Amino acid sequence: MPSSDDWINKPLGVVEAMFGKKTHAVPSLNDVPLHYLKPNSLVKFRCLVQDMFDPEFYMGVYETVDPSTKANVLRCGKYKDVTECGVDLNSRNTVTAERQTFYCVPIPGESPWAKEISFLSAARVVPSTSYVPSRQKRSYEEDDDDMDTQPQKQREPHTETHGNGDSKRQETEAPSSQTTAPSDTSSHLDLNFPLPGERGPACLVKVYEGLDSFKLNDTLEIYGILSVNPVLTVIVYPHRDPSLLLLDPTESMETPEEQRAHDPPASLVPRLHMLYARPLQHNNPLLPSDPTEDQSAFVSSFLVEMASVRAELLAYLTHVLLGDGLAAEYLLLHLISNVYTRRDVLPLGKFTLNLSGCPLNSYTERLYQIIQQLVPCSYRLSMSLHTMNSMRLVPKKDYVANRLVSGALQLARNTSLFLDETQLEQGQLDSSGVRNITALGNLISWQKVDYDFSYHQMEFPCNINVLVTSEGRSLLPSDCQVPLQPQVTPPNMEEYLTTIHMAQFTSQINKFRVYLSLARTLDYSISDEVTKAVEDDFVDMRKDDPQSVTAEDLHRMLVVARLLSLSLGQTTLSRDGWMRAKHIDMLRRSRTEQQKSLNGNEP
Amino acid sequence: MSSPTSTPGGRKRNRDDIPVTPGSDGLVSPPSQRRRGQDSSNGDLPAMPTSPATDIASPAVHDTSLFSSPRRSVLPSEVDMSSPLMYGTPSSRVEGTPRSGVRGTPARQRPDLGSIRKAPQVDLHSEPPSADGAVASEQAVGQKLVIWGTDVNVGTCKEKFQRFLQRFIDPTSNEDENAGLDLNEPLYMQKLEEISVVGEPVLNVNCGHVQSFDADLYRQLISYPQEVIPTFDMAVNELFFERFPDSILEHQIQVRPYNALKTRNMRSLNPEDIDQMITISGMVIRTSQLIPEMQEAFFQCQVCAFSTRVEVDRGRIAEPAVCRNCNTTHSLALIHNRSVFSDKQMIKVQESPDDMPAGQTPHTTIVYAHNDLVDKVQPGDRINITGIYRAVPMRENPRQSNVKSVYKTHIDVIHFRKTDEKRLHGLDEDSDQKLFTEERVQTLKELASKPDVYDRLSSALAPSIYEHEDIKKGILLQLFGGTRKDFSQTGRGNFRAEVNILLCGDPGTSKSQLLQYVFNLVPRGQYTSGKGSSAVGLTAYVMKDPETKQLVLQTGALVLSDNGICCIDEFDKMSDSTRSVLHEVMEQQTLSIAKAGIICQLNARTSVLAAANPVESQWNPKKTTIENIQLPHTLLSRFDLIFLMLDPQDEAYDRRLAHHLVALYYQSEEQIEEEFLDMAVLKDYIAYARTYINPRLNEEASQALIEAYVDMRKIGSGRGMVSAYPRQLESLIRLAEAHAKVRFSDKVETIDVEEAKRLHREALKQSATDPRTGFVDISILTTGMSATARKRKEEVVQALKKMIQSKGKTPAMKYQQLFDDLRGQSEAAITKDMFEEALRALADEDYLTVTGKTVRLL
């Protein structure tokens, strides 16, 4: 165990020393309810930086006077909120230092399976000094039997056994875990989660070092010291003595709203003093999260399997998309797309897919549930008139409470945003509805969200995979539109999809999950030779039909080619890859045109 | 505006002198004590809220200071004269305010400096200082005396400042505040004179001036503002009343320094800045109601009606426990309406968006304004604040001894300076001078001296967009802009210096991307979409503030992009009424508003970069630009350059395009940076050229322009019509000037004119080519119809007339029959449109009328 000196002098070193062997032993705020955690213990938290508060000055070093002995003791003020008794405010040894507070929330839209697995894998490693009752000695295997003792999941329907049942269990559990999440009590306090219906602890993270390296909407795994001192709870006196208000400059500075936002009760929003933060590339618990040899070994071992997993996944998606293989191919490409760089204003690598011709009734909902099972982060935005008019999509600065009020578009990178346009009916959009639609359009075209700062707007780049399902062509822009052509028309859609889903083994689903997250992280390049071939090809295509092949088409085909290669685990573009990309794009285009002419004849 | 007016609602305070009150203990400024090395006898929280009724554990020192308000006739006998902290300054209350002129002029408290803070001096050399010597310290002895915790010597400091006021001359000053002053005379003496005339007892002092005059004084001012500024006050008042012994001021002159160079950015504030003078820029986001802050409490004894006054000390009032007159304990009660209050306002300031690193949220700071600075700023104003940075420890609950280890910080304002106010008044365009370091200027100049700088810059513009070199060049020139010329003497007002550009072309030719790029590049860019903007959104609207019920003018995109570029996407989708507001903006560069009782003219010196799609969404090559975009030509002629963004449909082009795009997808970041200029360099380059370069035409260039114009006129006159208008000449001049700016040249030379001509021709060639003849025909732009089309129309009319005449006396004819006949007769194809047009022309001549399907002769 590191000594207390180590903690004060080089806490980072202590934490870093723990890496590799003991990181799992650190309890996670995401999994363990707050009241099971000891104050001032080391915890970790997987989160998104939702807001950054103003920097604050604190007493880095201060002196206390013991009232009885009159002895002066020098103390360190770092990593704590509250000082000991008898601070000598006039001591010349006081050192003022600066730190910043981040308001962090759990990663929005994190899929239930991702939470589940990371919870289980954390619990597998037994903490040596366990202060978490009923969390010990749990392994993945034992898990099912022990489930009932879980305080968090008591009410969970629990009938299935291993194997086949696993997937079913996860699925049925998805809605129920929402209601049993730990912080039910926080309902009266607005924790400012980006997505409605989210649960989990929000946290005020005090950051001491490297302030500039953090950005809004970063996903981080933070290791820090938990502080839940009740002193932190502000007592807001509703009828305060007005004369007090006049005289004390500190009192009148903050509005009650601001106090509520910045100093919520520590029992609901714990403070976390950051020792170390690791930026997360992804939040898929099935993948090693460190960019170490560990991961590259994992990648290379998985690459072998890649093609076969892809085929299985494609077959699965084809079933889900009612037998439409082409749409399934595009959906797969969409799921691994990623904005990998930006060239001045242009985001490269985005691939917004518009699945048109979706059957009505709950099909899209079921489709979303299936996608949710595959990706670690997702959100379904049902674009009904009511939600478009009433929902807040773009985060807005609330100057009264001095915080950034979150909106549904404040999402972590690589979140799958499922826009369900089939829910849209005729009617009038009011001004906020128009703003919301514009925001969605901007998101799709430029991969940025303009946060509303009332006096000005600020642009925040994002990296969100947008999938639009619609009846006809979507009113939103998209990189690629695929009209769905169902090959089968099951009489009972619900049953059909459930059966498909049930037919998959958990192990297989897990493979899909790893595959989708991994394919995204691969590097990619184009050789000079292929570049030449692509150029020639483009020139030829233009020669044949200059009207229909534009620069935009080339953009899209290059993205398709990239994704296609990556989906097969190839990190360079081959001639074949290019031809295949061209081929499926041709198929898609002919289908769209077919659709167009069909529609053209209708009226 | 920094010159204060009289405080609304603020009561006058009767004070003799500010800086020295005997009997106080040391200054307590919590977080910075280590710097000051100060030892305080007061162990309590300085900011602890204390109701007057509670007797806090205040040490005896307090009680003594309570009654020592210097201006009372009751001279404090209790003051411990032997205290080592008890000193007087030369101009202390014994003498009253600086001698002669001050007479009745009261001093006003300066809550901005923390007026209660007294400034005791210590003798550096005698240890411990003898009380007598200190009290009697005269200026001569004072050499060795410094204010406790600082290295400031009041005497020297005062002398230095007076010397500064008397001698400082800044011949190069161009601040608007110094307008009308003789720059070769001592600047601040003139300001004092102004004060004696105007009667506003505030002297704004530019710290930059102080620094250039005496760096040491400047350092002291920055480091110990709350000691040095009162000293400055004293110095000024002495000087002022010496000079103008008869002037009557509301209160004594207060010195307000501004433009402290220490800090510019809110983000860079750190614990070291506490209790120092700083200047930051930011935007006001919230202002509080006026807060009356008690400065002096009035107590009256319930028993004997003896009254006493107690000053607020660090936010609290120590209630006297014993009445000094009748010795009754706890008999004194606070009389609210006889206490003295000062105005105070809390202002929240947010970092301005330009200062922020990408991906982070803006910081906010709390600012307190006092007295006449209250209500000087409104939410939304961009301001520079000079003030003293403070930190106060927080105590969450008075009953708990644990303290939250966090300080609350705020700034006590000394000076406000609005940064955008000049824009509204239109005094000078270069108000926001960007500071360039020497090195930066050097790199920029180096770049400018390269022969291919023009090409380099244009290729650095939106590198992700392929080709369209001429369009990029056009936009580049637009970014630089021409030289502003003032003809208001001769009654024509300002000549527009901004270049307007219209991009027109097929969907998907990266027009929007180009607009986005420009919008991101320029500091004052606005981006709107024609579909989503209304006339109001573009210009300005009047709004009633829900809180104050005040009418507020909210400016729209065009006004906001004053001195910038307004990018309007989907220009064609804009409604006509919206578009019509652009007429004024695009030529006169102003916006007139007459709404809800507000009539005004705002400057909107904005360049317009618009993008439009063709009417048929796809460009019809068989039609002219006008027919393709269907914009009123009054508006079109206001664009200096109209570019078509069309698919060239050429193999070589395709190949290059493909190469470019593929490269885009696999090149790494570093490679690109090598290839292209950094966006930041480009930004600085443009900002520098716009600020410092004002090219003028030289003789040859004027000749070249004249020739060019004559040529343009000639082309048209050959076919019997005017083809170029003065507007085109103006465009040429602007473009030539902009090109000279690109070269950092102060002279517009022939090469600039050549390039302007070329670009103008290129743009014209594209947009004014008559598709029927292939000739460039500028009349397409000015009348909306090409010369050949007109000729053709005339021919049809004549043919029709002839045909009707040849038919003899038939009063009425069938419409369809006539059309068929005409088509049969004419060798060229005649469309129905042409036929109808011809009929209309004849009807205009009163030759015939068309009623339904019949044509009657008249």
Side-chain angles (χ1 to χ4, degrees), chain A residues 51-52 54 56-59 77 80-83 85-87 89-90 92 94 96-98 212 215-216 231 234-235 241 243-244 246-253 341 343-346 348 399 402 404 438 455-456 458 460 525-526 531 534-535 538-539 542-543 546 550-552 554-555 558 562, chain B residues 30-31 33-34 37 40 43 45 47 49 51 270-271 283 285-286 291 293-294 315-316 346 353 357 359-361 363-364 366 380 391-394 396-397 400-409 462-464 508 513 516-517 520 532 647 649 651 654-655 657-659 661-662 664-666 669:
Chain A
D51 194 3
M52 293 164 141
D54 292 332
E56 59 186 21
F57 293 170
Y58 69 99
M59 287 180 258
K80 54 172 99 166
D81 288 305
V82 180
T83 59
C85 303
V87 179
L89 283 163
N90 300 301
R92 52 172 65 195
T94 306
T96 311
E98 191 179 3
D212 293 336
K215 290 197 159 61
L216 200 71
V231 179
V234 180
I235 305 134
D241 185 356
S243 63
L244 266 178
L246 281 183
L247 292 173
D248 185 0
T250 57
E251 296 287 325
S252 51
M253 267 189 214
T341 185
R343 203 52 53 81
D344 38 78
V345 290
L346 190 73
L348 295 180
Y399 283 112
N402 193 16
L404 188 66
T438 318
Y455 301 98
H456 59 95
M458 254 175 74
F460 284 88
S525 64
I526 307 177
T531 309
V534 170
E535 284 167 32
F538 180 68
V539 174
R542 292 270 301 173
K543 229 184 259 168
T550 63
E552 213 161 286
L554 183 60
H555 266 290
L558 283 166
R562 174 196 157 86
Chain B
Q33 285 138 1
R34 69 213 132 79
S40 167
L45 265 180
S51 72
N270 61 43
M283 192 170 62
I285 49 169
R286 251 166 76 83
I291 307 165
E293 190 179 43
M294 190 178 280
R316 63 182 176 190
M346 188 193 84
Q360 303 207 347
T361 54
H363 288 177
T364 54
I366 292 168
V392 192
M394 304 205 309
E396 285 308 323
N397 188 341
Q400 278 172 332
S401 54
N402 283 9
V403 190
K404 229 171 137 178
S405 61
V406 177
Y407 295 105
K408 281 274 159 187
T409 53
S464 67
Q513 212 179 312
Q516 278 279 344
Y517 184 88
N520 280 314
D647 245 334
Q649 297 179 7
E651 191 179 320
D654 290 345
R655 183 168 298 280
L657 173 67
H659 183 77
L661 288 184
V662 178
L664 203 64
Y665 275 85
Y666 77 88
E669 293 280 339

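Remember, predicted model here, so these are calculated numbers, not experimental data. Reminder, nothing fancy here: chain letters follow the sequence lines and each chain counts from 1.
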- Contact leader toward chain B among A/Met458, A/His555, A/Arg562, A/Glu98, where contacts are heavy-atom pairs under 4.5 Å: A/His555
- Note on the structure: Of the listed A/Met52, A/Lys215, A/Glu535, the one with the largest count of heavy-atom pairs under 4.5 Å with chain B is A/Glu535
- Between the main-chain N or O of A/Asp51 and the side-chain N or O of B/Thr361, is there a donor-acceptor pair closer than 3.5 Å? no
- Note on the structure: Assert top hit (heavy-atom pairs under 4.5 Å, partner chain B, pool A/Phe538, A/Phe57, A/Phe460) equals A/Phe57
